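Everything below concerns the one structure shown next.
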Amino acid sequence: MKEILAKNVVLNVNQLDKFRTIKIQIDFLRPLSKDESTKRRLLANVLSNSSKKYPSFKALNDREMELYGAEINAYTRSLLNFNDLGFSVEFADPKFLIGDKSQIQDNIEVLSEIIFNPNLKNTNEFDDTAFTIEKRNMLSNLDAVGDNKDLVSVLELFKLVNHNNPDKQIPIFGDATQLDSLDNSALYEYYKDVIKNDMILINVVGDVDPTEISKLIRDSLLGQSLKSERTDIKIQLPNFDDLVKSPAEKLDHESINQSRLSIAYVTEKLDKGFSHLAPQAMNLIFGGDDQSQLFLQVRERNSLAYSVSSSYQATDHLLTVQSGLDAKDIDQAIDLIQKQIDFMKNGKFTDSQIEHAKKVLFTRREIGSDSIQHYIMRSIWETIYPKTLLDDKSFRSELNKLDRNNIQSVAEHMHRIAQYELIGD
């Protein structure tokens with residue numbers, strides 16, 4: 001059931017009896033901004049620390065325990081060109097509890113309290129303890145990013161890929177310099193703007209009555225706080241034409257034992273009639289599986305890397321390769337990676353590799369359907385970008401028509417657009 005509570009406030013209720021839990025998730029969406037990513041991550045942390053009714057982390061945690069171990073989460077993530085600030089609670093389906101008839105209402109109340117009734121010091125600041133603790137913890141986490149060289153390599157690669165989009169230059173988890181200068185009152189002012197203007201998606205999944213859920217939400221603090229109209233958001237897909245013509249490259253040196261190599265490729269739009277699953281299948285054979293060409297040729301047979309793999313982002317049509325290796329082997333590894341691309345372009349992969357890729361795609365979809373989060377994400381995509389989704393029938397159809405020509409064509413129309421090397425000295 002889909003219901004519009006106000007302009008750009010959408011409630012989706014997916015009634016399913018396959019889970020023993022119920023999950024409610026609320027996502028606040030607005031365009032990514034280099035000046036807001038840090039604020040949004042700190043805001044998620046501060047709001048989930050406590051609320052007016054539960055004025056300490058302990059009080060909030062005690063309430064979760066009273067609700068049979070309800071699990072509350074707050075996060076930020078990038079979703080297309082949007083920053084998604086989300087809150088969720090997952091809890092036991094009351095039909096499996098003895099005598100508890102208000103479990104759903106109580107969890108809606110807790111989630112509403114966290115978001116719309118924050119723990120404040122005064123009329124324009126959050127509680128000092130919550131703000132100070134969460135800012136300190138976040139600074140500590142950001143300071144540790146530099147120690148994770150795999151993550152550093154990924155971040156530097158995507159800075160190159162998004163060189164003409166400053167709003168994607170700041171990681172979704174924030175920036176230490178911006179955080180250090182962020183004060184309490186500025187964060188609270190930003191919170192008020194989020195609550196007033198962000199597009200909001202509410203998703204409920206579980207064995208619930210959609211009509212009852214709608215009434216409970218409308219009558220709650222959550223529903224009462226969402227009656228105003230929200231700002232429109234617009235999807236903007238990236239364009240990498242300039243990088244196809246002139247790939248971006250960067251090389252850094254550090255005193256580390258293991259070097260890192262990161263390469264980004266963009267795939268072209270599929271020809272009409274080709275399977276939409278072709279890029280994913282190509283990625284699996286190329287480097288996205290422990291039976292892939294990169295794993296077998298670069299790591300196993302030639303011992304040129306401690307780790308090597310590829311991943312594919314369907315919305316951006318990006319395929320990225322990540323590898324950890326010795327500095328002396330980088331040139332040889334790059335050459336061998338290119339040979340695997342040529343291997344794919346020339347259609348030298350076997351029928352058994354194609355069948356294995358198809359089995360992996362099918363199995364991953366089956367496994368995904370056993371997750372409550374799978375249905376929440378489908379509802380989100382159905383609301384903001386439905387053309388990316390395949391229903392079960394369409395998925396099987398796309399899988400059936402996936403063949404060698406489809407996979408080979410993806411490789412033939414793949415372009416290197418960025419490369420980052422972190423050399424260990």
Side-chain angles (χ1 to χ4, degrees), residues 5 11-28 41-76 85-121 126-134 136-138 191 194-195 200-226 370-373 375-376:
L5 303 182
L11 168 64
N12 287 303
V13 182
N14 197 336
Q15 185 178 11
L16 292 171
D17 61 4
K18 64 187 299 183
F19 303 110
R20 288 180 172 267
T21 59
I22 296 167
K23 187 166 186 177
I24 303 171
Q25 182 169 305
I26 305 173
D27 295 272
F28 292 73
R41 178 56 63 93
L42 181 58
L43 182 59
N45 297 345
V46 170
L47 291 176
S48 62
N49 175 282
S50 56
S51 73
K52 183 177 180 180
K53 188 171 182 179
Y54 308 104
S56 68
F57 183 79
K58 181 181 183 303
L60 184 57
N61 188 64
D62 287 346
R63 182 54 176 154
E64 292 178 63
M65 292 302 102
E66 291 172 358
L67 295 172
Y68 303 91
E71 183 178 340
I72 296 172
N73 284 301
Y75 54 86
T76 60
L85 166 62
F87 304 86
S88 68
V89 61
E90 187 168 357
F91 52 93
D93 187 326
K95 72 171 177 285
F96 297 108
L97 304 175
I98 298 175
D100 194 310
K101 302 299 182 183
S102 62
Q103 176 82 327
I104 297 176
Q105 183 175 354
D106 289 343
N107 278 280
I108 291 174
E109 181 265 340
V110 170
L111 200 57
S112 301
E113 283 287 328
I114 289 171
I115 302 171
F116 299 105
N117 199 10
N119 188 12
L120 301 180
K121 173 185 176 181
F126 291 106
D127 171 69
D128 276 336
T129 300
F131 179 82
T132 302
I133 288 175
E134 297 304 335
R136 183 176 64 239
N137 290 343
M138 187 171 163
Y191 162 76
V194 168
I195 295 300
I200 296 178
L201 306 180
I202 307 168
N203 281 284
V204 183
V205 176
D207 192 7
V208 296
D209 179 349
T211 303
E212 178 188 356
I213 289 294
S214 175
K215 184 178 187 309
L216 287 173
I217 287 178
R218 285 180 176 275
D219 292 344
S220 69
L221 173 61
L222 170 61
Q224 297 303 311
S225 303
L226 299 179
D370 286 333
S371 162
I372 202 167
Q373 189 62 26
Y375 295 94
I376 288 180

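All values derive from a computational prediction rather than experimental measurement.
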Exercise. Could you give all pairs that pass the salt bridge (charged side-chain N to carboxylate O under 4.0 Å, His left out) test and reach residues 43-58, with sequence neighbours left out?
Worked result: K53-E109, K58-D62
For this session: Any salt bridge (charged side-chain N to carboxylate O under 4.0 Å, His left out) involving residues 203-216? Give me the pairs, sequence neighbours left out, ordered by first then second residue.
Result: K95-D207, K215-D219
Would you say [X] and [Y] make side-chain contact, with heavy atoms under 4.5 Å?
X	Y	value
N12	L201	no
V46	N119	no
F131	N49	no
V13	T211	no
L67	V89	no
V204	I217	yes

For this session: For N14, check side chain to side chain donor-acceptor pair (under 3.5 Å) against everything at least two apart and list the hits.
Result: none
Exercise. Can you name the side chain to side chain donor-acceptor pair (under 3.5 Å) partners of T132, sequence neighbours left out?
Worked result: none
Just how far is it from atom [atom1] of [X] to atom [atom2] of [Y], taken to the nearest 0.5 Å?
X	Y	atom1	atom2	answer
S48	E134	OG	CD	6.0 Å
L43	T76	CG	OG1	10.0 Å
S371	I376	OG	CD1	8.5 Å
I133	T129	CD1	OG1	6.0 Å
S225	L5	OG	CG	12.0 Å

To check you understand the geometry: which heavy-atom pair defines the closest contact between [X] and [Y], and what is its length?
X	Y	result
A70	N107	CB-OD1, 3.3 Å
I72	E64	N-OE1, 3.5 Å
F126	K121	O-CB, 3.4 Å
Q15	P210	OE1-CD, 3.5 Å
S56	S50	N-CB, 3.6 Å

Exercise. What do the steps show when you test S214 against L11 for side chain to side chain contact (heavy atoms under 4.5 Å, CB included), and what is the final call?
Worked result: CA-CA 8 Å; S214 175; L11 168 64; 4.2 Å; yes
Exercise. Stepwise, does the side chain to side chain contact (heavy atoms under 4.5 Å, CB included) test hold for I114 with L60?
Worked result: CA-CA 9 Å; I114 289 171; L60 184 57; 4.1 Å; yes
Seminar exercise, completed: Between I26 and the options N203, L226, L111, the side chain to side chain contact (heavy atoms under 4.5 Å, CB included) test singles out L111
For this session: Check the pair I115, I195 against side chain to side chain contact (heavy atoms under 4.5 Å, CB included), reporting the backbone distance first and the verdict last.
Result: CA-CA 9 Å; I115 302 171; I195 295 300; 4.0 Å; yes
Side-chain polar contacts of residues 18-25 - donor-acceptor pairs under 3.5 angstrom, sequence neighbours left out - could you list them?
from, atom 1, to, atom 2, distance (Å)
K18, NZ, S369, O, 2.9
K18, NZ, Y375, OH, 3.3
T21, OG1, E90, OE2, 2.8
K23, NZ, Q373, OE1, 2.6
Q25, OE1, Q373, NE2, 3.2
Q25, NE2, D27, OD1, 3.4
Q25, NE2, D27, OD2, 3.0
Q25, NE2, Y75, OH, 3.0

For this session: With sequence neighbours left out, write down each residue that passes ring-ring contact (aromatic ring centres under 6.0 Å, His included) with Y54, or none if nothing qualifies.
Result: none
For this session: Look at the rings of F28 and F116 and say which category their plane angle falls in: under 30° parallel, 30 to 60° tilted, over 60° perpendicular.
Result: tilted
For this session: Using the side chain to side chain contact (heavy atoms under 4.5 Å, CB included) rule, take I213 and I104 through it: C-alpha gap first, then chi angles, then the decisive distance, then the call.
Result: CA-CA 8 Å; I213 289 294; I104 297 176; 3.7 Å; yes
